[in-house]
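Below you'll find the structure, written out as structure tokens, and then a few comments.
Since this is a predicted model, take the numbers as computed values, not measurements. The chains referred to below are lettered A, B, ... by the order of the sequence lines, with proteins before strands, and numbering in each begins at 1.
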Amino acid sequence: MSFKKFAAQANEVIKFALEEFDIKNKSYTITEPPKEDFGDLSCNVAFLLTKELQKSPYQIASLLVEQYRHYYNQNKQEFGYYISSVAAHESGYINFKANFDLIGNEISSDILENNLSFLDLGKHKKVIVEHTSVNPNKSLHVGHLRNVVIGDTLYRILKKTNHDVTVLNYVDDSGVQVADLLVGFLYLKFPIQPADKNIKFDKYCGNEIYVKVNELYEKDPTLIEKRKSLLKKLELGDPEINSFASKITLKVLTDQLVTCWRIKARYDLLNFESHIIRSDLWKKTFEKLQHEKIIAKETEGNNIGCWTFDSSDEGTKIIVRSDNTATYIAKDIPYALLKVGTIEDIFNYRIFAKQWDDTNLWSSTTDNSGNVTRPIFFPAEYSITVIDSRQTRLQNIIKEILNKLTQKANEYRHFSYGPVLLSSRTAKSLGIGGASEKSVQMSGRKGIYIDADFVLDTCYSKAKEETMKRNPEITGEDLEKTSEEIAISAIRYSLIKNDLEKEIKFDMIDSLSLEGNSGPYLQYAYARCCRLIEKSNAKSFYGDMNYLSSVIENRIIKHLSKFTIIIEDTINAMEPKLIAHYAYELATLFNIFYEKLPILKEIDTNISAARISLVEAVRLVLKVNLCLVGITPLDRM
RNA sequence: GGACCCAUAGUUCAGUUUGGAUAGAAUGGCUGCCUGCGGAGUAGUUGGUCGAGGGUUCAAAUCCCUCUGGGCCCGCCA
């Protein structure tokens, strides 16, 4: 949008002025100044020329600006119409002010008439995003939620910018954690149904069985032997054990999906680890690794009898154990190969469920009934695996192996993020952690975590209370839906607004806040826009932006005109938080505008019409941004 | 022991990629603003040796080095 053109013209001006002094290939930057008094863009080139020209920055800046003025006076039509003024500042900067009349009218037609349909950055590039992938032995806690929210937000942003996105959820249904559950059901005789019928099955397994079984391992080591034998049976495909395990894991998975769908995540495909292990896929991968001499069988030393990979950075890693079972990392290799296209997709697929957004969720299947028309899932040109930073080393090894297998492996990226910790206050409320500790690691195994549904439920109650207080007329289903959407927005926003690589210190009380820099704040600004538009009775928005001249109006216009830049930055840097920050700033600017200037009550009809059009533009951009981060815009709240 | 990550206001965090003008929000505390288009808002105030030290530079929260503190990973676990 227009801000980019403005910046490009500022650059032209500098380039032109430099050429007049016969200076070429000088690098400089044009950035936004810290204060708006200075202008809308600033260039630092004068600082960089002090040695060459033996003059002060201010003298140089003045000379350059003079050159431009001189030229501009003679050739008004040539360039610079997005620029309203250029000035040398005493500090040495060259400051540009934008022509907001022009930019205002351009963005108003971009947004109001073209409906933001210009975001084709992907050009149908095929992208895979794998996220969630929670072991099917427990319910989700807030740590998992961060994964889901990051993954789903990536999906939304990529999709909106015209990438062909396939979302995968990998189900590790044959690992130790499932074996733990089997120990509980088969040896410790936990009933198949929880005593309390209201309790979700995933919570029953995670909170009661999984934690209890792990406690008992300490007291009764024979249970660990039992787990080991169950694990082996799982891997080798023992029919009875597998059918039972599959029943349990599917039930847990189904309940997990309820939570994921609740916060508006969605998937295209479930891949089951058991299917990969028992298919030819693993066999083929194993053969390929041997054939390409990427792995070797150890004939001496500690790892005798194992197939190992020599990583340049990580040393020797065992891929296949001496008892011929595959390690955790090994099981990920065929999946990665499938994603990037070095191995063929041999699976059959079936529709697993219909989702909240009316799309099909598919799943791999072991039977041969897969003769159905279905989407092509693999491979992708770019595949993203969302897993927390603790798995970085393993992901690096997988990448290293991929690169050895083929030079033209499509791009495989580990999308890393920091884990979620409990704040000391929240930990204390659970009876964990000393007074000195700043935060506490969650552990599903030890039962130290905040359950995802619990957070959502608590936030929902709070939102409901607040909504009733403010809007007594909202009742029944409307009230429930509104409260739920507010709760989701609070949680999603709090998990996406921070830097990816930093850990989040999750605090139960803070995260219930519906004020300040929060999801509901954004929704509130949007709802205000809606009410204004509704009350204006405007059918169309042809307000002339030339009538807007106050500082705050120009700040909004400027911010709106940067929308496409933010989207591009988000895609280039793969930083979903940029969208959240942009939306927050837009909401803040709008609230100030709303506070300071009359809109519907403005007497001058031209100004009023222009302001209403501005509100509509803000509303539309806010709406797109909210949807990108998975927050539902509400007309009322 | 080796690898990686983090450190900014009482608290939670932006800003570091690409060095630049008086380091910004939110929250907490205090004080204002609805006979105004929705107060989930807004205005003000309080609060900072940008972990420490050195270096590069006209200029460092930002780049480099050293150190300190915290985290995380390094298994024939997943």
Side-chain angles (χ1 to χ4, degrees), chain A residues 27 29 31 33-35 37-38 42 44 47-48 50-51 56-57 89-93 95 135 172 175-179 231 298 302-308 313-315 317-325 327-329 331-332 388-394 396 416 418-419 421 423 425 438-439 441 463 466-467 469-471 486 490 494 497-499 501-507 510-511 513-518 520-525 527-532 534-536 572-573 575 577 581 584-585 587-588 590-592 594-602 611-612 615 636-637:
Chain A
S27 69
T29 56
T31 50
K35 273 180 74 175
D37 302 355
F38 297 140
S42 300
N44 66 345
F47 294 98
L48 308 170
T50 46
K51 273 194 184 149
S56 76
H89 189 264
E90 58 185 8
S91 62
Y93 279 98
N95 291 334
N135 285 326
D172 181 359
V176 168
Q177 305 205 359
V178 171
L231 194 58
E298 303 266 343
N302 288 339
N303 300 333
I304 187 164
C306 299
W307 289 88
T308 61
D313 299 324
E314 304 290 340
K317 302 305 287 186
I318 292 165
I319 304 297
V320 175
R321 301 186 190 95
S322 54
D323 67 354
N324 280 324
T325 55
T327 58
Y328 174 68
I329 184 167
K331 293 175 191 172
D332 261 8
D388 82 49
S389 55
R390 287 170 294 200
Q391 305 245 25
T392 301
R393 302 170 80 96
L394 285 169
N396 285 342
S416 173
L421 313 177
S423 74
R425 177 165 65 177
K438 279 206 139 180
S439 50
Q441 278 271 4
E466 296 293 321
T467 308
K469 219 189 291 176
R470 293 156 219 266
N471 303 280
I486 292 170
S494 72
K497 73 173 174 182
N498 290 343
D499 203 75
E501 64 189 6
K502 284 187 183 162
E503 49 200 28
I504 289 181
K505 290 170 196 107
F506 182 85
D507 186 83
D510 288 348
S511 68
S513 168
L514 311 176
E515 292 162 16
N517 189 351
S518 70
Y521 177 91
L522 303 184
Q523 285 175 309
Y524 184 67
R528 273 181 155 177
C529 290
C530 289
R531 301 289 286 150
L532 285 169
E534 189 187 316
K535 287 197 177 175
S536 74
N572 291 337
E575 277 284 7
K577 74 173 175 196
H581 293 171
Y584 174 67
E585 199 177 335
T588 303
F590 169 75
N591 278 329
I592 295 168
Y594 179 91
E595 193 84 14
K596 284 197 170 151
L597 297 172
I599 300 160
L600 303 177
K601 300 204 168 174
E602 171 57 46
R611 288 186 180 154
I612 289 163
V615 171
R636 284 168 176 253
M637 60 185 285

Using whole Å, what does the distance between atom [atom2] of nucleotide [N] and atom [atom1] of [X] come to?
| X | N | atom1 | atom2 | answer |
| --- | --- | --- | --- | --- |
| A/Lys502 | B/rC6 | NZ | C1' | 7 Å |
| A/Met637 | B/rG38 | CE | C1' | 11 Å |
| A/Asn471 | B/rG39 | CG | C1' | 13 Å |
| A/Asp499 | B/rA26 | CG | P | 20 Å |
| A/Ile504 | B/rG71 | CD1 | P | 19 Å |

Closest to side chain of [X], choosing from [options]:
| X | options | value |
| --- | --- | --- |
| A/Glu515 | B/rA21, B/rG38, B/rG41 | B/rG41 |
| A/Tyr328 | B/rG41, B/rU16, B/rA78 | B/rA78 |
| A/Ala527 | B/rA7, B/rC13, B/rG38 | B/rG38 |
| A/Asn303 | B/rC76, B/rC72, B/rG38 | B/rC76 |
| A/Phe47 | B/rG39, B/rC6, B/rC58 | B/rC58 |
| A/Arg321 | B/rA78, B/rG41, B/rA21 | B/rA78 |
| A/Ile318 | B/rG15, B/rG39, B/rC76 | B/rC76 |
| A/Ser91 | B/rA78, B/rU42, B/rA21 | B/rA21 |
| A/Asp172 | B/rA21, B/rA14, B/rA78 | B/rA78 |
| A/Pro34 | B/rA21, B/rG39, B/rC77 | B/rA21 |

Quiz item: Should B/rC34 be called syn or anti, with syn set as within 90° of 0?
Solution: syn

Quiz item: Under a 3.5 Å cut-off for both distances, is B/rU27 Watson-Crick or wobble paired, and to whom?
Solution: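 B/rU27 is paired with B/rG10.
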
Practice problem: May I ask whether A/Tyr524 stacks on the base of B/rG38, given the cut-offs of 5.5 Å between ring centres and 30° between planes? | Solution: no

State whether the side chain of [X] and the backbone N or O of [Y] hold a donor-acceptor pair below 3.5 Å, judged by distance alone.
| X | Y | result |
| --- | --- | --- |
| A/Asn303 | A/Glu298 | no |
| A/Ser439 | A/Leu421 | no |
| A/Asp388 | A/Pro419 | no |

Quiz prompt | Whichever of A/Thr588 and A/Lys577 has its nearest RNA chain B nucleotide further upstream toward 5' | solution =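 Its nucleotide being nearer the 5' end, the pick is A/Lys577.
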
Quiz item: Hey, which of these two, A/Asp37 or A/Arg393, hits RNA chain B nearer its 5' end, going by closest nucleotide?
Solution: A/Asp37

Quiz item: What orientation do A/Tyr521 and A/Tyr584 show, parallel under 30°, tilted 30 to 60°, or perpendicular over 60°?
Solution: tilted

Practice problem: Tell me whether the OP1 or OP2 atom of B/rC58 has a side-chain N or O from A/Lys51 closer than 4.0 Å. | Solution: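 Looking at the OP1 and OP2 atoms of B/rC58, one of them is under 4.0 Å from a side-chain N or O of A/Lys51.
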
Quiz item: For atom C1', what is the distance between B/rU8 and B/rA61, given to the nearest Å?
Solution: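 Result for the C1' pair: 7 Å, nearest Å.
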
Quiz item: Hey, are A/Asp510 and A/Arg425 close enough for a salt bridge, meaning a charged N less than 4.0 Å from a carboxylate O?
Solution: yes

